[in-house]
A.B. asks: 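Pasting in a structure now, in structure tokens, and then I'll have a few things to ask.
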Amino acid sequence: MDTLELQPLFNNYHRKIAKVDTHFIRYLYTQINWDARIIGIKGARGVGKTTILLQHILLNYEDIDKTLYASLDDLWFSTHSLIDLVDWADQHGIMRLYLDEVHRFEKWSETLKNIYDNYPDISIIYTSSSLLLMDNANVDLSRRQTTYTLYGLSFREYLAFENIINIPSIPLEDLLKHHVSYAMKIVKEIKVSAHFESYLSHGYYPFYKESGDDYSARLRETISVVIENDLPAVEKMSFETIQKVKKLVMIISERVPFEPNMSELWKQLATNNELGLRMLYSLDKAKILSLLSSKTKNYKFLHKPDKIFLGNTNLMHVLCPQVDKGNERETYFNSLLSVLHDTKQPHKGDFLVDDKYLFEVGGRKKSYEQIADVPNSFLAVDNTEVGYGNRIPLWMFGFIY
């Protein structure tokens, strides 16, 4: 293949990388084993997967044309295959490729396996939708690749992104034991409450900074792209089903946190239990919804969730007719804790974390009575800068990653 045929890809690559800086690096960057031959980075649309790829190029190549970035939804791939690109790279001494939107390429798993087996000098770092379940791929890549998941900005990262304060993450067990000392150090430096309110409304997706006043419209557009483009590409859903998915999102947005009556919900959508659960779990994988159950979540054996949240508080501010403060608190806690920990619906309290810690979430005057007799039980309380004992400020749970 002639190098001139790749000019559209190089042009797009150069345009994108020219807009990227490296002053702020996401939490996942240092956790990735960049020496692995095939690296997969999953995540919801808009959380910054492309930026991580381009930052790695900027930080590791003096000459950026010693490697190549390409998005697999580029029109170039309508007349060329990924193997065409890899074969050209192999012939021209480009040993590492950065590939975006791999889920938009129909036979992505077979192709990556072939590249691994037939081009031993080539390494690939790719991104994909969070919808993609690696163990559901047509070809088993588990022995060949290392995979990671990128989530949206935590409150801690948001503060660093805004150049307000930059401190290391606080593991949950350390937070539970030493939250008072951590909080006192932080509140000496910044006014937490105002920044926390800003984060809840617009701080989860890094593109808020470039979007400005258009953030809500941009986030709505992102949700539409996930439902209309990513879902059909990964889940093979029909047009009719996609319309039902949109309706499902709006029904739940009007009632979150939603404790579903499944027969009533399926009646509203004119669907059955099997397809209805499939739609719910697809939206959970896409991080538009978050399903909470007393059982461990399993995408192979779908069961009725006990409670349904939106994926994060920014989605609440865009989709909900009116944001209820109590619901916002629970959504925030759920979205942050579920990144690194197993969260379940307990018989008593609001959240059971790692089958060990019980949490009630509420306002500053929240009573401890309901869970006082339960070991390892805590209150996550809003409108509080510094807690005491088992009363922990809600904002602090945004520092665990």
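Everything numeric in this text was worked out from a predicted model, so none of it was measured.
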A.B. asks: Quick one: does K348's side chain get under 4.5 Å of Q370's, heavy atoms only?
C.D. replies: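 K348 vs Q370: side chains touch.
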A.B. asks: Please report whether the ring centroid of Y208 lies less than 6.0 Å from that of F161.
C.D. replies: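 For F161 and Y208, the ring centres are under 6.0 Å apart.
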A.B. asks: Is there side-chain contact between L379 and I371, with at least one heavy-atom pair below 4.5 Å?
C.D. replies: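 With C-beta onward as the side chain, the pair touches.
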A.B. asks: With a 6.0 Å cut-off on ring centres, are F309 and F258 close enough?
C.D. replies: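 Here the rings of F258 and F309 have centres that are no less than 6.0 Å from each other.
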A.B. asks: Do the side chains of F397 and F359 get nearer than 4.5 Å, heavy atoms only?
C.D. replies: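 The answer is yes, as the side chains (C-beta and beyond) meet within the 4.5 Å cut-off.
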A.B. asks: Looking at Y204, W395, F196, F351, which one forms a ring-ring contact (aromatic ring centres under 6.0 Å, His included) with Y332?
C.D. replies: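 So the option named by the test is F196.
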A.B. asks: Would you say the rings of F10 and W76 are close, in the sense that their centroids are separated by under 6.0 Å?
C.D. replies: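 Ring-ring flag for W76/F10: false, centres at least 6.0 Å apart.
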A.B. asks: Do L131 and E235 have side chains that approach each other closer than 4.5 Å (heavy atoms only, starting at C-beta)?
C.D. replies: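 L131 vs E235: side chains touch.
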A.B. asks: Contact between S253 and L310 at the side-chain level, heavy atoms closer than 4.5 Å - yes or no?
C.D. replies: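 Result yes, sub-4.5 Å side-chain heavy-atom pair found.
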A.B. asks: I want to check something: taking the side chain as every heavy atom from C-beta on, are V187 and V192 in contact at a cut-off of under 4.5 Å?
C.D. replies: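 They are in contact (side-chain heavy atoms under 4.5 Å apart), so the answer is yes.
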A.B. asks: Run the salt-bridge test on E110 and K113 with the 4.0 Å N-O cut-off and return the result as yes or no.
C.D. replies: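 No.
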A.B. asks: For Y215 and F207, I'd like to know if the aromatic rings sit close, meaning centre-to-centre distance below 6.0 Å.
C.D. replies: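 Under 6.0 Å, so yes.
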A.B. asks: Would you say the side chains of T146 and N33 form a donor-acceptor pair under 3.5 Å?
C.D. replies: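 Absent: no donor and acceptor within the cut-off.
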A.B. asks: Please check if the distance between the ring centroids of F399 and Y182 is under 6.0 Å.
C.D. replies: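 No - the distance between ring centres of F399 and Y182 does not fall below the 6.0 Å cut-off.
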A.B. asks: Looking at the rings of W34 and H56, which for Trp means the six-membered one, are their centres under 6.0 Å apart?
C.D. replies: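 Aromatic pair counts; centres sit under 6.0 Å.
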